[in-house]
Amino acid sequence: MNDSDSVGGGPAALEVRQISKSYRRQQVLDDVSFSLHPGRSMAIIGANGSGKSTLLKICAGLISPDSGEVRVRGRLGYCPQDADLGVFLTPADHFTWFGAAHGVSSRASQEEGQRLASSLDWKAAPRQVRHLSGGTAQKLNVACAVMGGPQVILLDEPYQGFDEGSYLDFWDLVDRWCAQGAAVVVVTHLLRELHRVNSVLDLGRRS
């Protein structure tokens with residue numbers, strides 16, 4: 001298990017240097033460092049409360065660390081643990097919305113969204129999000145995070161509610177994103193697929 005991913009040929013897509021974070025005098029992260037290069041994947045594991053989600057939010061720029069720095073090269077896509085979706089919007093609305101944010105036309109966004117949905121064994125029907133199952137909403141959450149092909153992809157337990165087939169499809173997608181040159185970080189508590197990633201950061205093993 002490693003806390004860095006060093007390969008030759010160019011700078012890292014994601015660099016995390018000496019990140020520390022506390023909440024109300026409770027230290028959650030203590031001097032965490034790692035780097036991840038394009039085309040590589042990393043799993044972040046650890047017990048509840050070890051700071052996995054906090055670290056990913058810091059990497060995504062959603063919260064600030066007490067000390068340390070994060071450098072991202074390229075565009076970033078972030079999939080939170082809980083889907084933050086518009087409950088009265090349809091999947092197609094979300095594809096258009098997220099695609100427009102990256103300068104992608106509505107038609108191209110719909111095509112990309114449907115391809116991503118199909119990769120997770122889901123056909124995005126014209127139903128409002130509030131009528132989707134939890135697992136289906138999470139598939140939409142993943143699809144929105146990677147619209148437009150970000151160079152750095154951060155995923156916080158993204159497979160919640162997936163059935164076994166969709167769970168395995170997700171890991172195939174991780175392989176595909178890496179093959180396309182993205183750096184992919186997955187927060188996970190399921191350890192049986194750790195052989196699918198290039199490196200593992202175990203926050204529970206840090207002093």
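Quick caveat: nothing in here was measured; it's all calculated off a predicted structure. Heads up: numbering here begins at 1 and tracks the sequence.
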Undergrad: For E157 and T188, which I'm curious about, is there any donor-acceptor pair between the side chains at under 3.5 Å?
TA: no

Undergrad: For residues D121 and S166, report the shortest heavy-atom separation together with the two atoms involved.
TA: CB-OG, 4.3 Å

Undergrad: Do R127 and T136 have a side chain donor and acceptor closer than 3.5 Å?
TA: no

Undergrad: Do R17 and D31 sit within salt-bridge range, that is, some charged N less than 4.0 Å from a carboxylate O?
TA: no

Undergrad: Of all the heavy-atom pairs spanning P38 and A13, show the shortest one and how long it is.
TA: CD-N, 3.8 Å

Undergrad: Enter the distance from W171:CH2 to R176:CZ here, rounded to the nearest 0.5 Å.
TA: 15.0 Å

Undergrad: Can you label the angle between the H189 ring and the Y159 ring as parallel, tilted or perpendicular, going by 30° and 60°?
TA: tilted

Undergrad: Which heavy atom in L56 sits nearest to a heavy atom in V187, and how many Å separate them?
TA: CD2-CG2, 3.9 Å

Undergrad: Do side-chain atoms of K52 reach the backbone of A47 as a donor and acceptor pair under 3.5 angstrom?
TA: yes

Undergrad: Heavy atoms only: give me the nearest E164-R192 pair and the separation to one decimal.
TA: OE1-NH2, 3.0 Å

Undergrad: Just by distance, no angles: are the side chains of T90 and D93 close enough, under 3.5 Å, to form a donor-acceptor pair?
TA: yes

Undergrad: Pick out which of L14, V186, V184 makes a side chain to side chain contact (heavy atoms under 4.5 Å, CB included) with L154.
TA: L14

Undergrad: Are Y23 and V32 grouped together when hydrophobic residues (ILVMFWY) are joined by side-chain heavy atoms under 4.5 angstrom apart?
TA: yes

Undergrad: Please check: side-chain N/O of E69 versus main-chain N/O of V16, any donor-acceptor pairing under 3.5 Å?
TA: no

Undergrad: Does atom CZ of R71 have more than 12 heavy-atom neighbours, drawn from other residues, nucleotides or ligands, at distances under 6.0 Å?
TA: no

Undergrad: When the aromatic ring centroids of Y167 and F162 are compared, is their separation below 6.0 Å?
TA: no

Undergrad: Side chains of L120 and L173, heavy atoms from C-beta outward: is any pair under 4.5 Å?
TA: yes

Undergrad: Would you kindly say whether R130 and Q128 are connected by a side-chain donor-acceptor distance under 3.5 Å?
TA: yes

